[in-house]
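What follows is a short report on a single structure.
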2 protein chains.
Amino acid sequence: MSEVNIKYLAEKLGLAPSTVSRALNDSYEISQPTKDRVVALAKALNYQPNPFARSLREQKSKTIAVIIPERINNYFSQVIDGIEEITQEYGYHLLVYSTHENVETERKIISYLLNGRVDAIVMSVSSQTKNIDHLETVYNKGVPIIFFDRICKEIPTTKFITNDYENGYKATNLLIEKDCKKIYFLLLSKEISIGKERLRGYLDAMKESSLPFEESWVIQCSQKEEENISLISKFLYGMDRPDGIVASVEKLAIATYYAARETKLNMPKDFKMISFSNMRIAGLLQPTLTTISQPALKLGMECAQLLMKKLTKPNQPPLEDKIIVLPSQISMRESTGK
Amino acid sequence: MSEVNIKYLAEKLGLAPSTVSRALNDSYEISQPTKDRVVALAKALNYQPNPFARSLREQKSKTIAVIIPERINNYFSQVIDGIEEITQEYGYHLLVYSTHENVETERKIISYLLNGRVDAIVMSVSSQTKNIDHLETVYNKGVPIIFFDRICKEIPTTKFITNDYENGYKATNLLIEKDCKKIYFLLLSKEISIGKERLRGYLDAMKESSLPFEESWVIQCSQKEEENISLISKFLYGMDRPDGIVASVEKLAIATYYAARETKLNMPKDFKMISFSNMRIAGLLQPTLTTISQPALKLGMECAQLLMKKLTKPNQPPLEDKIIVLPSQISMRESTGK
DNA sequence: AAATTACACGAAATCGATTGCACTGATTGT
DNA sequence: ACAATCAGTGCAATCGATTTCGTGTAATTT
């Protein structure tokens, strides 16, 4: 590829490779005239240092892995945009992987990353993840790891989430205020940390209200769109259907729209819904969807900022074991009634 | 990080590093018993070869760059999913970059990749891209590059697109069949190759019909959502507003929905619309949107397949200079009338 | 018995950049 | 006047894996 290497430059300049290297790195031991000559030639030949030689020597890759459960999801796209915005400034590169919500894939991806290929990992765990051996391995190897959204509490590192408990609570109360008497909660999977928090908010809100509640109102959904639609349709067909639904993730809200269409029920007349979602077009659905949207871009930026500090400044302590909570925003729309 | 290297293994086994390397690579010069011992220990210690040492030596990175204009777009997410599905099997990694439709960013990203960091580039050029020096540099350096969707015709390499001309033509005729008399075309930017093709299809369909046509019906939109909405609203307010709209990209269709709401016009009664789009929820909009959706996943997979062949098989010729066309699919929905 | 050959493995060079140490010539201190 | 200091540069080792070229042994051939 690029035949212009440091040895070639050295030859052209009548200097030693080491001198060229030091000149390019602006070392104090090199005289200004020499530096100027070196830099000039490097620019003229468009010299680009070989990243692998450098990584090998320095034991760092200037690369960060981002692992997400799915790509077709605005939320994750926005988070990555946020991460990239910051890391780009520092000359870092992003390896992006999707687990497709599959733990086995997650394990495999992680195993590829334990050989120094990346300097750090930013991830949102798959909904299937129960056994966290692979995550512990990462931690034990000393690779900085940051979790976001779907975090793994057991690993002592920094995690970023939104105020899920609070919003689960608020969302539920919002439906209660709108006079809903029977509120269901759609859960993607019990393993997801944020699902749990949102559920906890819902449960507490239900408990505090004087409304009835049954365990079976917490609906465990799957990854498969079709299954979810028929599952939701099933209980919407029932005489004892809910008149309020809290969807813990966007795709369940969408499934509910399809189910509503199938069952010919009218939203918000027959039932109201609120969903956690970062869709841009929530305002174009029929009816428009009341959402709780997460500050995805900001979250990505903060993750990256923290990482960059850790990776680029000398003598940084390990990432603190703490959870940073960013506030979400509720947008009232038609699906919860006017 | 990982202290288990080939030298360490060699020591433990009482062998030379070269022997260990050969054993792990299943060289014919190593006896079976020795191979077994080496492989066993490597597995036991969970030995992972250092990717940089290997890349440095072999002059290849097993990494591919994917450059897209924006992340928050299902189409691109699906393409990347497709690419990843194939490249993962071959042990390749994906560096993903977004240009945010900015040529300067595009240039910068490309410049980072010319030092051997990646073995190939798969990209969709930004809508601003006119000057293609940076793309020519890539080509001249011998880095395999594949374009998709928004291609750069001037570079002699393989490009993947969908049958944009044909679909622009079909979409327009579809509106004509639905009795539209005045059909506008929403264009994102004249620089985008696919925009041009879709436009050409529209123009030809208009020409062939007996309908009137004016140059000003091709609306040049920008990247800014707000600007587009007010631009579209403006002509929708006019007395001589269109009764049919072909949106060349998804975001313009969305802007049109907002504009329709603002101007209190009814779709499909007052005007009909068809859009190129890969939205999953086109069927949930009000009215549901008739779309031409591209085979994004498949496109990604075919790109990757071609690349993998080029990169993993010996003595491959350069990527052929040709355009591969994949068929899109039209989904009729309410926005074009029943 | 000498020579060829197959086999199993080791030594050292290589990829390209960085860096600890050594060396030269000039300047400063005593 | 002679040692000590220092700026400016080169030499060689290093990072970890691969690979070229050998080496030594045993088996087989002539």
Side-chain angles (χ1 to χ4, degrees), chain A residues 1-39 41-42 45-63 91 112 114-119 141 314, chain B residues 1-39 41-42 45-63 91 112 114-119 141 314:
Chain A
M1 287 313 154
S2 167
E3 303 92 356
V4 186
N5 56 30
I6 214 165
K7 204 188 275 178
Y8 180 83
L9 283 183
E11 232 168 71
K12 284 277 170 196
L13 289 161
L15 291 171
S18 51
T19 306
V20 175
S21 170
R22 275 186 269 252
L24 290 172
N25 291 313
D26 202 28
S27 161
Y28 67 96
E29 340 180 55
I30 305 296
S31 69
Q32 197 54 52
T34 306
K35 277 184 191 171
D36 291 345
R37 279 179 61 219
V38 173
V39 171
L41 185 66
L45 297 182
N46 193 26
Y47 164 74
Q48 295 286 97
N50 182 305
F52 304 118
R54 192 174 260 175
S55 290
L56 179 59
R57 181 65 221 239
E58 313 230 292
Q59 302 287 32
K60 59 184 180 183
S61 62
K62 283 216 157 204
T63 303
Y112 296 147
L114 293 176
N115 48 17
R117 188 179 287 274
V118 296
D119 295 342
K141 282 243 181 186
Chain B
M1 278 331 145
S2 167
E3 304 92 355
V4 187
N5 56 30
I6 214 165
K7 204 188 277 178
Y8 180 83
L9 284 182
E11 234 168 72
K12 283 277 169 196
L13 290 160
L15 292 170
S18 49
T19 307
V20 176
S21 171
R22 276 186 272 248
L24 291 172
N25 290 313
D26 203 27
S27 160
Y28 67 96
E29 339 183 52
I30 304 297
S31 69
Q32 198 54 52
T34 305
K35 278 184 192 171
D36 292 345
R37 278 180 61 217
V38 173
V39 171
L41 186 66
L45 297 182
N46 192 28
Y47 165 74
Q48 295 287 94
N50 182 306
F52 304 118
R54 190 175 262 175
S55 290
L56 179 58
R57 180 65 221 239
E58 314 229 294
Q59 301 288 32
K60 60 184 178 181
S61 62
K62 285 218 156 198
T63 303
Y112 295 149
L114 292 176
N115 48 18
R117 188 180 287 275
V118 296
D119 295 342
K141 283 243 179 185

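Each chain gets a letter, A, B and so on, in the order its sequence line appears, and its residues count up from 1. Heavy-atom basis, side chains included; hydrogens, waters and symmetry copies ignored.
Residues passing the ring pair (Phe, Tyr, Trp, His ring centres under 6.0 Å) test with B/Tyr112 are A/His93, sequence neighbours excluded. In this structure, A/Arg54 has no salt bridge (charged side-chain N to carboxylate O under 4.0 Å, His left out) partners at least two apart in sequence or on a different chain. Under the rule for a side-chain hydrogen bond (donor to acceptor under 3.5 Å, both in side chains), the partners of A/Ser61 that lie at least two apart in sequence or sit in another chain are A/Asp119. Residues satisfying the salt bridge (charged side-chain N to carboxylate O under 4.0 Å, His left out) criterion with A/Lys62, sequence neighbours excluded, are absent altogether.
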Identify each atom pair where a protein N or O and an N or O of nucleotides 20-22 of chain C are less than 3.5 Å apart, giving names and distance.
from	atom 1	to	atom 2	distance (Å)
C/dG20	O6	A/Arg22	NH1	3.3
C/dG20	O6	A/Arg22	NH2	2.9

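In this structure, the CD1 atom of A/Ile6 is 12 Å from the P atom of D/dG10, given to the nearest Å. Going from atom CG of A/Asp26 over to atom C1' of C/dT18 covers 15 Å, rounded to whole Å. One interatomic measurement links the two molecules: NZ of A/Lys35 to P of D/dA7, which rounds to 12 Å at whole-angstrom precision. For the pair B/Leu15 CG and C/dC7 P, the interatomic distance rounds to 19 Å; values are reported in whole Å. In this entry the distance linking OH of A/Tyr8 with C1' of C/dT14 reads 20 Å, nearest Å. Between B/Glu11 atom CD and C/dG10 atom P the separation is 13 Å, expressed in whole Å. One can place NZ of B/Lys60 at 9 Å from P of D/dT19, the figure rounded to the nearest angstrom. The CG atom of B/Asn115 sits 12 Å away from the C1' atom of C/dG16 (whole-angstrom rounding).
Distances shorter than 4.0 Å separate none of the side-chain N or O atoms of A/Thr34 from OP1 or OP2 on D/dG8. The phosphate of D/dT18 (OP1 or OP2) has a side-chain N or O of B/Arg54 nearer than 4.0 angstrom. A sub-4.0 Å separation between OP1 or OP2 of C/dG16 and a side-chain N or O of A/Asn5 is present. Put simply, A/Asn25 has a side-chain N or O that comes within less than 4.0 Å of OP1 or OP2 on C/dT18. The side chain of A/Gln59 places no N or O atom within less than 4.0 Å of a non-bridging phosphate oxygen (OP1 or OP2) of D/dT14.
In this structure, of C/dC9, C/dT19, C/dA13, it is C/dT19 that holds the atom nearest to the side chain of A/Arg57. Nearest to the side chain of B/Ser31, among D/dT18, C/dC15, C/dC9, sits C/dC9.
Taking every heavy atom of both residues into account, A/Ala10 and A/Val20 meet most closely at CA-CG2, 3.6 Å. When every heavy atom of A/Leu45 is checked against every heavy atom of A/Tyr8, the shortest pair comes out as CD1-CE2, 3.7 Å.
With hydrogens and angles disregarded, a donor-acceptor distance shorter than 3.5 Å links the side chain of A/Lys35 to the backbone of A/Ser27. In this structure, A/Thr63 contributes its side chain and A/Val118 its backbone to no donor-acceptor pair below 3.5 Å.
Of the candidates B/Val38, B/Leu9, B/Leu15, B/Ile6, B/Ile6 is the only one forming a side chain to side chain contact (heavy atoms under 4.5 Å, CB included) with B/Ser21.
Using a 4.0 Å heavy-atom cutoff across all strands shown, B/Tyr47 reaches sugar-phosphate atoms only and no base atom. Heavy atoms of A/Leu24 sit nowhere under 4.0 angstrom from any nucleic acid atom. At the heavy-atom level, B/Ser55 lies nowhere under 4.0 Å from the strands shown.
One axis for each end of the helix from C/dA1-D/dT30 to C/dT30-D/dA1, each built from five base pairs, and the angle between them comes to 60° at 10° resolution.
In this structure, B/Lys12 and B/Leu41 have side chains that are in contact, with non-hydrogen atoms separated by less than 4.5 Å.
Ranked by how close their nearest DNA chain D nucleotide is to the 5' end, B/Phe52 and B/Thr19 are led by B/Phe52. Nearer the 5' end of DNA chain C, as judged by each residue's closest nucleotide, is the contact made by B/Gln32, out of B/Gln32 and B/Ala53.
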